[in-house]
Amino acid sequence: PNTPPPMAPPRRFGPARTSLGKWAKSGDDANLRRGLGHYTSGGMGGASNATARMAGSASSAGAIHEALTALAAEQPLPPQYGVSQARLGGLTQAEIIDVLVDVLCPVGGTQDGEASRDSAARALTDIVEQGNDVTDLDQNQIDQVVQSFLGNEVAHRIALDVGMAVIDKAPTAKVGQQRLEEMQSYVREELAGRYAERRALSGTLDRQAAAQLGRDVIQDTFDVFESYL
């Protein structure tokens with residue numbers, strides 16, 4: 001079995017929570033960047049360690065890319081998913097999304113697992129709400145789903161670890177929720193930029209290559225955050 005990377009010392013998120021709390025009060029983006037830097041460097045033990053801890057997210061990104069590519073090509077999904085084209089026939093888009101989330105991000109009973117299911121559901125729902133058929137996406141649309149999934153995953157992870165510092169230190173509950181959403185949007189936008197850069201340099205992806213792309217993009221994003229200090 002893979003050995004989990006070592007965690008940083010206890011109270012490792014203290015500096016990140018302090019900076020993010022200041023940002024929640026003032027809205028000064030310098031504190032937001034500083035908070036993300038402390039989160040990565042001290043809280044997660046560095047960008048490489050943070051990336052290693054999100055290996056499951058990168059693996060899921062590879063699975064999502066593989067499944068959507070197969071559906072678009074009218075090819076059977078990999079047998080390990082146990083989903084035939086016939087099973088999807090006649091289902092609504094929402095029902096197909098539910099099936100895909102269940103097989104690509106199975107219920108595991110952990111907080112991280114539930115976050116991944118939510119990340120996948122949001123990414124797939126977003127592309128459908130743009131008027132697309134989730135079983136017939138072109139390559140750019142598949143990339144949009146994968147990128148959105150990864151952005152949701154990193155934003156989720158940070159919010160789970162230090163999001164309460166933003167809510168608790170904001171002047172009102174409403175402002176706290178707005179700040180939290182702003183932070184997550186900032187994280188997603190940063191990752192989207194890194195994804196676009198990496199994807200422009202890569203060609204056709206299989207599951208393994210898509211998962212590696214996911215790892216590289218997560219690493220790049222945390223590298224940026226760590227550089228803020």
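Just so you know, residue 1 is the first one in the sequence shown, and it goes up from there.
A donor-acceptor contact shorter than 3.5 Å is absent between the side chain of E189 and the backbone of Y186. Formation of a donor-acceptor pair under 3.5 Å by the D28 side chain with backbone atoms of W23 is not found in this model. A donor-acceptor pair under 3.5 Å is absent between the side-chain atoms of R11 and the main chain of P15, judged by distance alone. Proximity of a side-chain donor or acceptor of S41 to a complementary backbone N or O of G37 within less than 3.5 Å is not detected. D29 places no side-chain N or O within 3.5 Å of a backbone atom of L32 that could act as its donor or acceptor partner. Put simply, the side chain of S59 never gets that close to the backbone of G56: no donor and acceptor are under 3.5 Å apart. A donor-acceptor contact shorter than 3.5 Å is absent between the side chain of S185 and the backbone of E181. Within the 3.5 Å criterion, the main-chain N or O of L191 finds no donor-acceptor partner in the side chain of R188. Between the side chain of T221 and the backbone N or O of V217, at least one donor-acceptor pair lies under 3.5 Å. Judged by distance alone, the side chain of R117 and the main-chain N or O of C105 form a donor-acceptor pair under 3.5 Å.
L160 approaches A115 most closely through the heavy-atom pair CD1-CB, 4.4 Å. Contact between S119 and E153 at its shortest, heavy atoms only, is OG-OE1, 2.8 Å. Minimum heavy-atom separation, A70 to P76: CB-O, 4.0 Å. Between Q184 and A159 the shortest heavy-atom distance is NE2-CB, 3.6 Å. What you find for N152 and A123 is that their closest heavy atoms are ND2-N, 4.0 Å. The two atoms that bring H38 and S19 nearest to each other are CD2-OG, 3.6 Å, heavy atoms only.
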- Message: Could you walk me through whether R215 and I218 satisfy the side chain to side chain contact (heavy atoms under 4.5 Å, CB included) test, starting with their C-alpha distance in whole Å, then the side-chain angles of each, then the deciding distance to 0.1 Å, before giving a yes or no?
- Response: CA-CA 5 Å; R215 285 189 287 273; I218 292 171; 5.9 Å; no
- Query: Given the rule in the side chain to side chain contact (heavy atoms under 4.5 Å, CB included) test, do D223 and S227 qualify, once you have shown the distances and angles that lead to the verdict?
  - Reply: CA-CA 6 Å; D223 279 338; S227 75; over 6 Å; no
- Task: List the steps and the verdict of side-chain hydrogen bond (donor to acceptor under 3.5 Å, both in side chains) for Y195 and D143.
- Result: CA-CA 9 Å; Y195 188 95; D143 280 324; 2.9 Å; yes
- Item | Full working for salt bridge (Lys or Arg N to Asp or Glu O under 4.0 Å) between D126 and R122 | CA-CA 6 Å; D126 284 348; R122 286 173 181 267; over 6 Å; no
- Item | Verdict with supporting geometry, Q139 and H65, side-chain hydrogen bond (donor to acceptor under 3.5 Å, both in side chains) | CA-CA 9 Å; Q139 187 56 64; H65 189 283; 3.2 Å; yes
- Dump the intermediate steps for side-chain hydrogen bond (donor to acceptor under 3.5 Å, both in side chains) on Q144 and N140, then the final yes or no. CA-CA 6 Å; Q144 180 183 331; N140 287 336; over 6 Å; no
- Task: Decide side chain to side chain contact (heavy atoms under 4.5 Å, CB included) for L124 and L68; before the verdict, give the C-alpha distance in whole Å, the side-chain angles of both, and the deciding distance to 0.1 Å.
- Result: CA-CA 10 Å; L124 291 166; L68 295 181; 4.1 Å; yes
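Side-chain contact between L104 and S60 is absent, with no heavy-atom pair separated by less than 4.5 Å. Contact of the R199 side chain with the L205 side chain is registered, since non-hydrogen atoms from C-beta on lie closer than 4.5 Å. Looking at heavy atoms from C-beta onward, E114 lies out of side-chain contact with D118 at the 4.5 angstrom threshold. The shortest distance between side-chain heavy atoms of R179 and V175 falls below 4.5 Å. Two residues are said to be in side-chain contact when any heavy atoms from C-beta on lie closer than 4.5 Å; M54 and R157 meet this criterion. Side-chain atoms of F222 and N49, non-hydrogen and from C-beta on, never get closer than 4.5 Å to each other. At a threshold of 4.5 Å between non-hydrogen side-chain atoms, the residues R87 and V99 count as touching.
Between the CG atom of L213 and the CG atom of L150 there is a distance of 7.5 Å, given to the nearest 0.5 Å. With rounding to the nearest 0.5 Å, the separation of OG1 in T40 from CD in E226 is 6.5 Å. Interatomic distance, NZ of K169 versus CZ of R17, reported as 11.5 Å (0.5 Å rounding). Here CD of Q212 is found 11.0 Å from CG of D206. Values are rounded to the nearest 0.5 Å. To the nearest 0.5 Å, atom CD of residue E66 and atom CD1 of residue I64 are 11.5 Å apart. A distance of 6.0 Å separates CG in L36 from CG in L20, rounded to the nearest 0.5 Å.
Hydrophobic clustering (ILVMFWY, side-chain heavy atoms < 4.5 Å, transitive): Y228 and V187 are in one cluster. The hydrophobic cluster containing V162 does not contain L229, counting ILVMFWY residues as joined when their side-chain heavy atoms lie under 4.5 angstrom apart, directly or transitively. Both M183 and I167 are assigned to one and the same hydrophobic cluster, defined by single-linkage of ILVMFWY side chains at heavy-atom distances under 4.5 Å.
Remark: of the listed residues N132, T135, D133, D133 is the sole one forming a side-chain hydrogen bond (donor to acceptor under 3.5 Å, both in side chains) with Q93. Remark: of the listed residues L88, V83, V134, L88 is the sole one forming a side-chain contact (heavy atoms from CB on, under 4.5 Å) with L71.
Counting heavy atoms of neighbouring residues, nucleotides and ligands inside a 6.0 Å radius, atom CD of Q130 exceeds 12 of them. Around atom CZ of R207, more than 12 heavy atoms belonging to other residues, nucleotides or ligands sit under 6.0 Å away. Around CD of E95, the count of heavy atoms belonging to other residues, nucleotides or ligands within 6.0 Å exceeds 12.
Centroid-to-centroid, the aromatic rings of Y39 and F225 stay 6.0 Å apart or farther.
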